[in-house]
Amino acid sequence: MRAKLRVKRFSTEGEASTNAFQEYEVDVPEHFTVLDSLIRVREDVDPSLALRCSCRASICGSCAMRVNDRARLACKTRLTSVAKEGEIVTIEPMGNQRVVKDLVVDLQLFWGKVRAVEPFLLPDGPEPEEEYIAPNEAMLNLLTPMGCIMCGACVSDCTSLEVDKNFLGPAALAKSYRFVADPRDGAQATRLQNLNESGGVWDCTRCNMCVEVCPKGVAPMERIMELREGVMDQGMTNTPGARHVASFANSVARAGWLDETMLAVDSWGKFNLPKLIAEIPLAIRVLRRGKMPLPGPLHHKLKGADAIGRIFKRLEGKHARKF
Amino acid sequence: MADHDVLVVGAGLAGMRAAIAAHRAGANVAMMSKVHPVRSHSNAAQGGINAALRGTDDSVDSHIYDTVKGSDYLGDQDAIELMCNEAPGEIINLEHMGVIFNRDEEGRLGTRAFGGASYARTFFVADITGQAILHVMYEQILKSGVRSYEEWFATDLIIEDNQVRGVVAMEMLTGKLHTITAKSVILATGGVGRAFEPSTNALICTGDGMALAYRAGATLLDMEMVQYHPTTLAGNGVLLTEAARGEGAYLINSKGERFMEKYAPKMKELASRDVVSRSEATEIEEGRGVNGCVLLDLRHLGEKLILTKLKYIHEVAYDFAGVDMVKEPVPIRPGQHYIMGGIKTDVATRCWDETGAGRWTGPKGLFAAGETACVSVHGGNRLGANSLLETVVFGKIAGEAATEYAKGIGDFSVSGAWQSDREAAIKAVMDRPANGERTAALRLELGQTMNQHLAVFRNEEGMQTALAKVKELRARYASLPIVHKGSVYNTDLIFHTELGYMLEVAETICAGGLLRKESRGAHFRKDMPERDDENWMKHTTAVRGEDGPTMDTLEVVKTRWEPQKRVY
Amino acid sequence: MKYAFYPGCVSRGGTPELYTSTLAIAGKLGIELEEIVGAACTGAGVLQEKGQKLGDTLNARTFAMAERMGLTTILNICSTCQGVMAQANKRLLDDPDYLAEVNEELKPEGLEYTGRVIIKHLAWVIVEEVGLDTLKGLVKNPLADLKVAPFYGCYILRPSDALGFGDNPGRENYLERIIETCSAEPVNFPGRTKCCGFPIMLINERNSMAMVGNHTTSAKEHGADCMVTPCPLCHLNLDGQQPKAQAQRGAKIGMPVLHLPQLVGLAMGLSPKDLGMNQHVVSTKGVEAKASVRV
């Protein structure tokens, strides 16, 4: 088949300096991946095209790039899965990171975040003579985050990182989970305290982008949600994030549905007068348009509220987290 | 003052294990790798790592015996004994570092069966054991604070007065050359699979360390011993782990027969790799293949086992062959996978003969570990799950030995000519006029040639043809131009240099094959199908000469095991 | 066709105009809505942090109520409700033991979920069941001059496997197709599949407002007259908080944001008032003018 690739080129070197798309066409077999096709371009057409790749088998994590607007491993993406015969495939470097040349990005931001979570086992006390005794279920649970190949796809497309480079981001948080959930690690409490800080677990927007783009099924966001449970279970409940969860649960437990107004007040903090005063203009704005639901005791109960409350009593706090 | 006491070139498992050992021994150690450490090819080891840790009947002696037998009696028995004795301690060490090994019901380390092994002694993390260990090793590197030159490409070993002094290397993100001095250098750069096409190896496996050492006067050992793995995917040559067979998968031919019953009545699919690969090749040659392949059948293992213990290869077979292994058998064939040969070292990973007996040559202060080295623990055929073991055992030894060695080296300075000569050489290549030749095309010719004539079955004529072809390619390489002239991340220049490395190494593979007048392990000559213990309990050696390698032999070290007929 | 209608919390709270406009177009499209009375909040992903089984049980209860009503399809008008329900349903269907456990919790109310409910967002119902041809026939007021930037909201797109994109890959651009059917012009812009910032509005306001500012501005820069969203939570942030995002950004934005049924309603010739457009924070006058609607 004819592969038509529209590749974002970038160079700052003298005459070759560029920052534009370039189109390539090469004949390739039907089974070719995006990576195979790019290698064909590099070998036969344009050796100046820079990209990282190595294993060709989705295990080394080198070839993450944006293919048709989404971060993917080029080696794991069949050409036919992203374009029909004759269609153009758009290939760009990963997002949220500085481009060095063409499809090669500077991974300093990525590794800086990984380093920030103390990414190594911190055992409690001296090592045992033999191996640590640990249940196989705990090891199998860790297989998911250990499956991370540090390709950077999640960091590339993270919608929170896009607006805040202070956020630890999905890969580093999944890496942190790998230790928090490791029964051999002795620093769980400290780790969770650190993750409760600004830039930690509460800055994830739960947009599912990392779950969608991760080529290895690590589902970083789900790990972040488990970490949130862990943080709250450690008693760290006086943050906007934890109060947000508590308020949400309280209103649904009481009335069966969400009390939006109380959710705001509780999250900001009931006694956070400066914030409450600052929000008066917003309150007036929405009140005027008939859009401010009645809060607290005035928030009416659904017909089935009692049954819903019963379910809460039985199941609230029964976490799915696996550590 | 040297920049470092110890410089490790290559940051896969052997390299990182060496760096950690050197760091723990108090050295100022740095690692250098042309890729980020977690991109290293150790990732691709899937099935596990061997050790006779404990078990009902297993013993270290049994592990040693299986390895000696697996090597077809070509492995040095002192080195094999050392490796197998160190294995249990290293497994525990890896576990303490944080590797999430599979457990048994009591929460202790659990094992699986593997090829050529008398007992189930393979410790594993699903089918991503290499990746799981590599990433944990990198965690330990981050913990240690060891300096890491990432995406630095070594172009020269600096040798003055037969003494290693460091390397010249290119920082790939800028294209700048640097001289990094060190009192000792450990090469841990992996194999040379890209000299074959197809291969299970990553694109980075281009024999860099072997070529650097060879050019620096070191000896290459048993280079003809190239392993073809029995289960690689047709098409792109990607590996499907031996653990599939360890867990009970069958190999079947076009008639639906489990043909290994015929070739290895006792061990069947779990015979050693050279035996299984030859059997498959025979089935295919004799017309019982399916489109040049045989079939790997996992269906009877059930979905649950496949999706937990063999999850990654399930994904690989689906992504790259479009086969759901839960429902269908997957077509596979033998494919180039590993090289048992490499830079000759002693059991302390030294590349020179410390005894002063001059049994082989090599510069002082140079060490090697992992696939790039040949200690030799694999001899004519490596057992599955012994390669990860080799990397950590000899990586650790290398780190400690290089640290100790560095203590005896005083201050020195090196000539600036090393770097300026390399700069001039690169400029000369850059200035070559375009002549229509492309690096990729030459590399492909090399790979196809090697895969045709130095594969599972070999003979004199084929190997002569291959050698002549390699010599021809070397001649063409001498005027091979570079198209891209930039400095930043110029992979055209890197590939060009790597091709130079591969051509030199490939020449020693051909020469070794021609020298060895027998069949042993992976080296099976149809024109000389018998093993010849009388004349060939010997390693082949290759030393760089004016016009290709100078070949010789070296006695195999025997301790307790006399050669026997190999039956599985 | 008749649907078990799940309006969600926000269409009865912060964005009542979504509820109004949905009812205003449903009848014309042949969509009969019977509200699931007493159905709990889906949890919006937040309750799930208090326990996944809690969230899944509340959703299973809703599914069981729909089944008891004798209806096969639940119709959502919120991307978030759609996504959360779809994920809960997948977990329940993937593991029969889990479903049985959850059903135990529903017994006191005499409810049982048998696993046969189909869950669809209004946008999917319009494309897959009403049909764009039918919609085309109902367009009395083609929005020919209008450039519309579709903003999907995360949970109607991700995770795509739970949302059935395998069988319905077209779901990733239904909004564009509906916009085109209304004779308007879809505007491609970088924010279309990103997060609006609502889930962290009360947790990290600065980040949330940066997202609102980025998406509304980039829609504007790409030439959009308005945005359209199938998610009321996105609307709360993109419209309701736009003044705040403007202040943080220090630049005027003024990007009107329509609910999906408002856009469809305008094309059908309904009046902006009947569609509740007077309840928006960012004025929709410009849109109404371009849509040649007599105000």
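Residue numbers begin at 1 in each chain, while the letters A, B, ... track the order of the sequences. Note that the structure is a prediction, hence the values are computed from the model and not measured.
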In terms of heavy-atom pairs under 4.5 Å with chain B, the winner among A/Glu15, A/Lys175, A/Met139 is A/Met139

Donor-acceptor pair, distance only, cut-off 3.5 Å: does the side chain of B/Thr231 make one with the backbone of B/Leu240?
yes

At a heavy-atom separation under 4.5 Å, does B/His96 approach chain A through its side chain, its backbone, both, or neither?
both

Would you check if the side chain of A/Arg321 reaches a backbone N or O of A/Leu227 as a donor-acceptor pair within less than 3.5 Å?
no

Considering only heavy atoms, which portion of A/Thr33 lies under 4.5 Å from any heavy atom of chain B: side chain, backbone, both, or neither?
side chain

Is it the side chain or the backbone of B/Glu150 that comes within 4.5 Å of chain A heavy atoms, both, or neither?
neither

Does A/Val105 offer a backbone N or O that forms a donor-acceptor pair with the side chain of A/Arg98 under 3.5 Å?
no

Within the side chain of A/Ser17, is there an N or O that forms a donor-acceptor pair under 3.5 Å with the backbone of A/Glu13?
no

Leading residue by heavy atom contact count with chain A [cutoff under 4.5 Å; candidates B/Asp319, B/Ile128, B/Val483, B/Leu134]:
B/Asp319

For the candidates A/Glu118, A/Glu131, A/Lys216, which exhibits the highest count of non-hydrogen atom pairs separated by less than 4.5 Å from chain B?
A/Glu131

Let's test your reading of the structure: which of A/Arg178, A/Glu137, A/Arg115 forms the most heavy-atom pairs below 4.5 Å with chain B?
A/Arg178

For chain A, which candidate among B/Leu493, B/Val238, B/Val316, B/Leu142 shows the most heavy-atom pairs at distances under 4.5 Å?
B/Leu142

Chain A contact via B/Asn93 - side chain, backbone, both or neither, heavy atoms under 4.5 Å:
neither

For the interface with chain A, which of B/Tyr312, B/Tyr138, B/Phe495 has the highest count of heavy-atom pairs at distances below 4.5 Å?
B/Tyr312

Would you check if the side chain of B/Asn43 reaches a backbone N or O of B/Ser40 as a donor-acceptor pair within less than 3.5 Å?
yes

Side-chain donor/acceptor of B/Arg432 to backbone N/O of B/Leu480, under 3.5 Å
yes

Checked B/Ala440, B/Gly89, B/Gly98 vs chain A; the most non-hydrogen pairs under 4.5 Å come from B/Gly98

Does B/Asn201 use its side chain to pair, donor to acceptor, with the backbone of B/His337 at less than 3.5 Å?
yes

Is the NZ or CZ atom of B/Arg103 both under 6.0 Å from the centre of the six-membered ring of B/Phe101 and within 45° of that ring's axis?
no

Where on A/Val104 is there a heavy atom nearer than 4.5 Å to chain B: the side chain, the backbone, both, or neither?
side chain

Is it the backbone or the side chain of B/Ser42 that comes under 4.5 Å from a heavy atom of chain A, or both, or neither?
neither

Best-contacting candidate, A/Ala138, A/Cys53, A/Pro119, A/Ser81, against chain B by heavy atom pairs under 4.5 angstrom
A/Pro119

On the ring face of B/Phe153, is B/Lys34 found with NZ or CZ under 6.0 Å from the centre and within 45° of the axis?
no

Which answer fits B/Glu105, side chain, backbone, both or neither, if we ask what part of it has an atom under 4.5 Å from a heavy atom of chain A?
neither

Between A/Asp124 and A/Arg184 (salt bridge meaning N to carboxylate O under 4.0 Å), is one present in this structure?
no

Looking at A/Pro29, A/Cys55, A/Ala57, which one has more heavy-atom pairs under 4.5 Å with chain B than the rest?
A/Ala57

A/Leu107 versus chain B, heavy atoms under 4.5 Å apart: side chain, backbone, both or neither?
side chain

Please state whether the side chain, the backbone, both or neither of B/Thr206 comes within less than 4.5 Å of a heavy atom of chain A.
neither

Under 4.5 Å to a heavy atom of chain B? For A/Ile39 that would be side chain

So for B/Lys485, is it side chain, backbone, both, or neither that comes closer than 4.5 Å to the heavy atoms of chain A?
neither

Sub-6.0 Å ring centroid separation between B/His229 and B/Tyr338
no

Is the CG atom of A/Asn19 crowded by more than 12 outside heavy atoms at less than 6.0 Å?
yes

Per-residue contact mode, B/Ala441 against chain A (heavy atom under 4.5 angstrom)
neither

Measuring heavy-atom distances to chain B, does A/Pro145 have an atom under 4.5 Å in its side chain, in its backbone, in both, or in neither?
neither

Any idea which of A/Arg52, A/Glu129, A/His31 has the most non-hydrogen atom pairs under 4.5 angstrom with chain B?
A/Arg52

Contact class of B/Arg438 relative to chain A, heavy atoms under 4.5 angstrom:
side chain

Aromatic rings A/Tyr177 and A/Phe323: how do their planes relate, parallel, tilted or perpendicular, breaks at 30° and 60°?
perpendicular

Any donor-acceptor N/O pair, B/Glu445 side chain to B/Arg443 backbone, under 3.5 Å:
no

